[in-house]
Each structure stands twice: as C-alpha cells, then as structure tokens.
Asks: 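Dropping a structure here in structure tokens format, bear with me for questions.
This structure is a prediction, so every number in the text was calculated from the model and none was measured.
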Amino acid sequence: QVQLVESGGGLVQAGGSLRLSCAASGRTFSSIAMGWFRQAPGKERGFVAAINWNGGSTYYADSVKGRFTISRDNAKNTVYLQMNSLKPEDTAVYYCAAGWFANTSPRDYAYWGQGTQVTVSS
C-alpha cells in the first residue's frame with residue numbers, strides 16, 4: 001500500500017507559479033514511478049507529467065511542456081510539480097499517483113492522492 005497526500009494548490013493569477021507537493025508513505029517510495037494528473041469540471045482525468053523511480057526519466061503532456069517541471073526527492077518520499085507561466089486552462093484538481101511505470105494512462109497507476117485544487121484567474 002502507498003498513501004499519497006498532495007499539497008500546494010491554490011488561487012493564482014495567470015502568469016504566476018505554484019509548486020505542488022505529494023508526500024508518500026507506506027511502500028518503498030524510491031522503487032516506484034510517480035505521475036501527476038489533472039481533472040477539470042466535466043472533463044476526464046488527463047496526464048500532466050510523470051517521473052521514473054530514480055528521477056532519470058521525465059515525461060510531460062504537450063500542453064505543459066516547457067512550463068511545468070516534475071521532480072522527486074527520494075530521501076523525503078516526496079514528488080513535486082513546479083508550475084510556471086500558469087494559464088486559466090490549467091485550472092483543475094491535480095492528483096498525484098504511484099505506479100510501477102512512468103506511463104501516461106491513469107489506468108497504469110494503482111495509488112492516488114485525494115487531489116488539490118489549482119485555480120488560475122485571468
């Protein structure tokens with residue numbers, strides 16, 4: 001079992017920045033891949049970014065490439081999502097997830113956090 005708790009969401013103006021954190025407990029954090037997904041009202045949950053077990057490989061959705069950065073600190077059992085140049089269309093509930101591979105499909109992740117709201121005003 002892996003327990004995930006996100007934090008760092010909030011309200012920010014367009015062009016601003018936020019850093020999301022996801023603290024993990026339970027299983028050995030350093031052996032699992034982590035991902036960030038988001039879900040806006042009326043839309044399906046979509047891939048944002050993923051990172052493999054040691055941070056050596058990262059993946060991004062085209063819509064966030066160059067603006068968002070995923071990273072992890074295995075000593076702190078935490079994964080981060082640095083979000084810069086935020087746009088109103090980034091508004092969503094952001095979820096972190098844990099799985100065996102850094103894939104883009106939500107179905108490949110077995111454990112999920114409760115989500116944190118990010119709202120970007122224009």
Asks: Could you state the interatomic distance from OG (Ser122) to NZ (Lys87), rounded to the nearest 0.5 Å?
Replies: 14.0 Å
Asks: Write down the atom of Gln117, the atom of Ala92, and the distance for their closest heavy-atom approach.
Replies: NE2-O, 3.4 Å
Asks: One pair to check against side chain to side chain contact (heavy atoms under 4.5 Å, CB included): Val48 and Tyr60. What are the steps and the verdict?
Replies: CA-CA 6 Å; Val48 176; Tyr60 296 94; over 6 Å; no
Asks: Which atom names give the shortest non-hydrogen contact between Gly115 and Val93, and what distance separates them?
Replies: CA-CG1, 3.8 Å
Asks: Check whether Asn74 reaches the backbone of Asn77 with its side chain - one donor and one acceptor, N or O, closer than 3.5 Å.
Replies: no
Asks: Does any part of the side chain of Tyr111, heavy atoms only, come nearer than 4.5 Å to the side chain of Gln1, both counted from C-beta?
Replies: yes
Asks: Less than 4.5 Å apart, side chain to side chain, heavy atoms only: is that true for Trp36 and Leu20?
Replies: yes
Asks: Please confirm whether Arg45 makes a cation-pi placement over Trp112, using NZ or CZ under 6.0 Å from the six-membered ring centre and within 45° of the ring normal.
Replies: yes
Asks: Between the side chain of Asn52 and the main-chain N/O of Ser57, is any donor-acceptor distance below 3.5 Å?
Replies: yes
Asks: Is the shortest distance from a Lys or Arg side-chain nitrogen in Asp62 or Lys65 to a carboxylate oxygen in the other one below 4.0 Å?
Replies: yes
Asks: Looking at every heavy atom in both Ala14 and Pro88, which two are closest together, and how far apart are they?
Replies: CB-CD, 4.1 Å
Asks: For a quick test of reading the model, state the closest non-hydrogen atom pair linking Val2 to Ala24 and the distance between them.
Replies: CG1-CB, 4.4 Å
Asks: Would Ser17 and Gln82 satisfy side chain to side chain contact (heavy atoms under 4.5 Å, CB included), going step by step from the backbone distance to the final call?
Replies: CA-CA 8 Å; Ser17 298; Gln82 177 67 44; 4.0 Å; yes
Asks: Between Asp108 and Phe47, is any pair of side-chain heavy atoms under 4.5 Å apart?
Replies: no
Asks: Same cluster or not: are Phe101 and Tyr59 linked, directly or through other Ile, Leu, Val, Met, Phe, Trp or Tyr residues, by side-chain heavy atoms under 4.5 angstrom apart?
Replies: no
Asks: State yes or no: are the ring centers of Phe37 and Tyr109 separated by less than 6.0 Å?
Replies: yes
Asks: Counting N and O atoms only, with roles assigned by atom type, does the side chain of Ser105 sit under 3.5 Å from a partner on the main chain of Arg107, one being a donor and the other an acceptor?
Replies: yes
Asks: Given side chain to side chain contact (heavy atoms under 4.5 Å, CB included), test Trp53 with Trp100 step by step and report yes or no.
Replies: CA-CA 8 Å; Trp53 66 277; Trp100 294 116; over 6 Å; no
Asks: Any side-chain donor paired with an acceptor under 3.5 Å for Thr78 and Asp73?
Replies: no
Asks: With Arg38 as the cation and Tyr95 as the aromatic partner, state whether NZ or CZ is under 6.0 Å from the six-membered ring centre and within 45° of the axis.
Replies: no
Asks: In the single-linkage hydrophobic clustering (I, L, V, M, F, W, Y; side-chain heavy atoms under 4.5 Å), do Leu11 and Leu81 co-cluster?
Replies: no
Asks: Check whether any side-chain N or O of Glu6 sits under 3.5 Å from a backbone N or O of Cys96 as a donor-acceptor pair, and report yes or no.
Replies: yes
Asks: I want to check a possible cation-pi pair here: Arg72 against Tyr80, using under 6.0 Å from ring centre and within 45° of the ring axis as the test.
Replies: no
Asks: In Å and rounded to the nearest 0.5 Å, what is the CD1 to CD1 distance from Ile51 to Ile32?
Replies: 12.0 Å
Asks: Any idea which heavy atoms bring Ser85 and Arg67 closest together, and the distance?
Replies: O-NH1, 3.0 Å
Asks: Do you know the tightest heavy-atom contact between Phe29 and Val79?
Replies: CZ-N, 4.1 Å
Asks: Contact between Met83 and Val12 at the side-chain level, heavy atoms closer than 4.5 Å - yes or no?
Replies: no
Asks: List the steps and the verdict of side chain to side chain contact (heavy atoms under 4.5 Å, CB included) for Val118 and Thr91.
Replies: CA-CA 5 Å; Val118 171; Thr91 296; 5.9 Å; no
Asks: Taking atom CD of Gln114 as the centre, report whether more than 12 heavy atoms of other residues, nucleotides or ligands fall under 6.0 Å from it.
Replies: yes
Asks: Check whether Asp90 reaches the backbone of Thr119 with its side chain - one donor and one acceptor, N or O, closer than 3.5 Å.
Replies: no
